[in-house]
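Below is one structure, written out as structure tokens, with a few remarks after it.
By convention in this document, chain letters (A, B, ...) are assigned in the order of the sequence lines, proteins followed by strands, and residues within each chain are numbered from 1.
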Number of protein chains: 2
Amino acid sequence: MINFTIKFQYGSPIYEQIVYAVKKAIATGQLKAGDKFPSVREMSKDLRINPNTAGKVVGHLVREGMLEVRPGIGSVVSQLSPASKDQRNKILNDQVEELIVESKRLSISKEDVINAIDSNWSLKERKGK
Amino acid sequence: MINFTIKFQYGSPIYEQIVYAVKKAIATGQLKAGDKFPSVREMSKDLRINPNTAGKVVGHLVREGMLEVRPGIGSVVSQLSPASKDQRNKILNDQVEELIVESKRLSISKEDVINAIDSNWSLKERKGK
DNA sequence: GGCGGTGTACTATGTGATATAGTACAGTTA
DNA sequence: TAACTGTACTATATCACATAGTACACCGCC
């Protein structure tokens, strides 16, 4: 059974959207460390995607340290690991910079951006959308 | 003459990297409204890319409202326009959400993220890297 | 009027990522 | 043994990206 939500969009590859959905599910607590992750075949059937695409998702998540594979058994959500220096820099410099550039481009104030982060930190469901 | 800086990387398309570099140059004030933007042929020669790729850059920037084309003359950096509701939401919801998800995944605290935004808002050059 | 510059629109080619279908294998549980 | 797991293949089709080259309408300058 699939225990996270997906809504496919155009513009980015399917496997990438699923990977992000899983990251988000973990960040929100929908998926917790130790939870069983859907099998490749189950995922491909439920989401109606190719088994290879589903396998690609698992591969990515394993490589990023969010999933552990028990050979013959399946995969399990792994413990959150603290960021390495590189990962930390990538977020706190590059990704933050991108947010700032986009905000400035559209004349959004620093306060509005910080407020958005502060009030969305818990990642509760937004209504509408 | 090219008046912004680029350093090509793997992983994302050339035209996208240039578009972002221009956005950043505008955000930092390196490029100001009214400044003449390099021509397609000049850009393709200086950056050693195909004229079509350079044309793609101009097309994107025009579509996003950062460049104005004077037919027969060239293109010019246009005035910053305030964000539409959709653009504002895309940043303040989607892009902020992505930053939060990535941060939580790597156990980076909300305070660290907000501090990074606060102290990088001026977009001064970082040393090293 | 003509030259040289501008953005833009074509055709065409090659490469790589993405998604699909199908098959196969080693490992583990029941 | 039977049924499940992730993984690794071959093969095909499509699309984005980057390249090369040509062409056109437009404008400023001499």
Check: B:Glu102/A:Tyr20 side-chain N/O donor and acceptor closer than 3.5 Å: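 A:Tyr20 and B:Glu102 do not have a side-chain donor-acceptor pair below 3.5 Å.
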A:Tyr15 side chain near C:dA19 phosphate (N/O to OP1/OP2, under 4.0 Å): no
Contact under 4.0 Å: A:Asn52 side-chain N or O vs C:dA19 OP1/OP2: no
Spacing between [X] atom [atom1] and [N] atom [atom2], to the nearest angstrom:
X	N	atom1	atom2	result
B:Lys36	C:dG7	NZ	P	7 Å
A:Ile18	C:dA19	CD1	P	9 Å
B:Met43	C:dG7	CE	C1'	12 Å
B:Leu61	C:dT8	CG	P	11 Å

Donor-acceptor under 3.5 Å (A:Gln87 side chain, A:Ser84 main chain): yes
Under 3.5 Å donor-acceptor, B:Glu97 side chain and A:Leu123 backbone: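 Judged by distance alone, no pair lies under 3.5 Å.
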Comparing B:Ile14 and B:Arg41 on DNA chain D - which has the more 5′ nearest nucleotide: B:Ile14
Considering all heavy atoms, the nearest B:Ile114-A:Ile114 contact: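 Reported closest heavy-atom pair: CG2-CG2, 3.7 Å.
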Contact summary for B:Glu68 and B:Ser78, nearest pair of heavy atoms: OE2-CB, 3.1 Å
hydrophobic_cluster_shared for A:Leu31 and A:Ile73, side chain cutoff 4.5 Å: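 Per the 4.5 Å side-chain linkage, A:Ile73 and A:Leu31 are not co-clustered.
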Sugar-phosphate only, base, or nothing, as touched by B:Ser39 at under 4.0 Å among non-hydrogen atoms: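 Sugar-phosphate, no base atom in range.
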Touch class at under 4.0 angstrom, heavy-atom based, for A:Gly55 against every strand present: nothing
Base C:dG27 to side chain A:Arg70, donor-acceptor N/O within 3.5 Å cut-off: no
Determine all donor-acceptor pairs shorter than 3.5 Å in which one atom belongs to a side chain in residues 47-63 of chain A; sequence neighbours excluded.
from, atom 1, to, atom 2, distance (Å)
A:Asn50, OD1, A:Asn52, N, 2.8
A:Asn50, OD1, A:Asn52, ND2, 3.2

Residue whose closest nucleotide on DNA chain C lies nearer the 5' end, A:Pro71 versus A:Asn50: A:Asn50
5' priority, DNA chain C, between A:Gly72 and A:Arg48 [closest heavy atom]: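 Looking at the nearest nucleotide for each, A:Arg48 comes out on the 5' side.
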Span of DNA chain D in contact with chain A (heavy atoms, under 4.0 Å): D:dC4 to D:dC9
